[in-house]
Amino acid sequence: MNMLLAATLLLISAVAVGVYLVYLGLRQRKRSPGLAFTHAGLALSGIMVLFIEIFTGPADKMNNVAAFFLFFAIVGGGIVFALHEENRPPSMAAVTVHAIMGLVGISLLTINLF
């Protein structure tokens with residue numbers, strides 16, 4: 001399987017779990033640590049596959065820019081995790097910035113894939 005396709009699928013899976021986490025936070029005012037760790041695991045796996053593709057595959061600037069945005073999404077996710085309070089959903093402003101960075105990176109990967 002193409003490494004870029006595998007990275008994109010892993011990251012899209014992380015987005016799906018992230019959308020459900022936002023639903024839980026906004027509608028039901030709950031958190032789910034298990035789903036949050038699943039979201040982080042899928043995203044980190046996808047980013048690792050992307051970095052393997054960047055370092056071993058042909059040079060492609062779009063992949064590098066996507067990795068740049070995804071790196072900032074990782075930093076944003078770390079900030080969201082660090083600032084969470086027990087039994088309360090995280091700040092939606094921080095989640096929004098984290099999501100925008102991640103979606104821009106995934107969009108660039110998807111555009112580059114096709």
Side-chain angles (χ1 to χ4, degrees):
M1 177 185 280
N2 184 357
M3 299 267 289
L4 192 57
L5 177 61
T8 304
L9 290 176
L10 283 166
L11 291 168
I12 289 173
S13 299
V15 168
V17 174
V19 167
Y20 185 66
L21 284 169
V22 168
Y23 168 76
L24 285 177
L26 288 177
R27 296 286 183 198
Q28 299 182 0
R29 299 279 184 212
K30 293 179 5 183
R31 8 180 346 254
S32 176
L35 279 177
F37 285 122
T38 302
H39 169 72
L42 286 168
L44 288 174
S45 298
I47 291 169
M48 284 191 310
V49 171
L50 176 61
F51 278 122
I52 291 169
E53 172 66 20
I54 287 172
F55 289 119
T56 62
D60 192 344
K61 289 180 184 176
M62 186 85 79
N63 289 345
N64 295 344
V65 173
F68 181 74
F69 277 102
L70 291 170
F71 172 76
F72 282 114
I74 291 172
V75 171
I79 291 171
V80 168
F81 178 72
L83 296 178
H84 81 279
E85 296 178 21
E86 200 66 34
N87 298 326
R88 294 188 63 200
S91 164
M92 285 300 136
V95 170
T96 301
V97 171
H98 163 70
I100 288 171
M101 290 300 201
L103 288 173
V104 169
I106 293 169
S107 298
L108 291 172
L109 281 180
T110 305
I111 290 167
N112 196 28
L113 188 61
F114 298 109

Is there a path of hydrophobic side-chain contacts, each under 4.5 Å between heavy atoms, that joins [X] and [Y]?
X      : Y      : result
Leu50  : Val15  : yes
Val17  : Tyr20  : yes
Leu9   : Leu108 : no
Ile111 : Met101 : yes
Met62  : Phe114 : no

- Note on the structure: Across all chains, not counting sequence neighbours, the side chain to side chain donor-acceptor pair (under 3.5 Å) partners of Asn64 are none
- CG of Leu113 to CG of Leu4: how many Å apart, nearest 0.5 Å? 5.0 Å
- Any side-chain heavy atom of Ile47 within less than 4.5 Å of one from Leu11? yes
Considering only distance and modelled atom types, tabulate donor-acceptor pairs under 3.5 Å from the side chains of residues 65-78, sequence neighbours left out.
none

Looking at every non-hydrogen atom in both residues, tell me the closest pair between [X] and [Y] and how far apart they are.
X     : Y     : result
Val95 : Val80 : N-CG2, 3.9 Å
Ile52 : Thr56 : O-OG1, 2.5 Å
Met92 : Leu26 : CG-CD2, 3.6 Å
Ile54 : Asn63 : CD1-O, 3.7 Å

Could you pull out all donor-acceptor pairs under 3.5 Å where a side-chain atom in residues 38-46 meets a protein atom, sequence neighbours excluded?
unit_1: Thr38; atom_1: OG1; unit_2: Gly34; atom_2: O; d: 2.9
unit_1: His39; atom_1: ND1; unit_2: Ala14; atom_2: O; d: 2.8
unit_1: Ser45; atom_1: OG; unit_2: Gly41; atom_2: O; d: 2.8

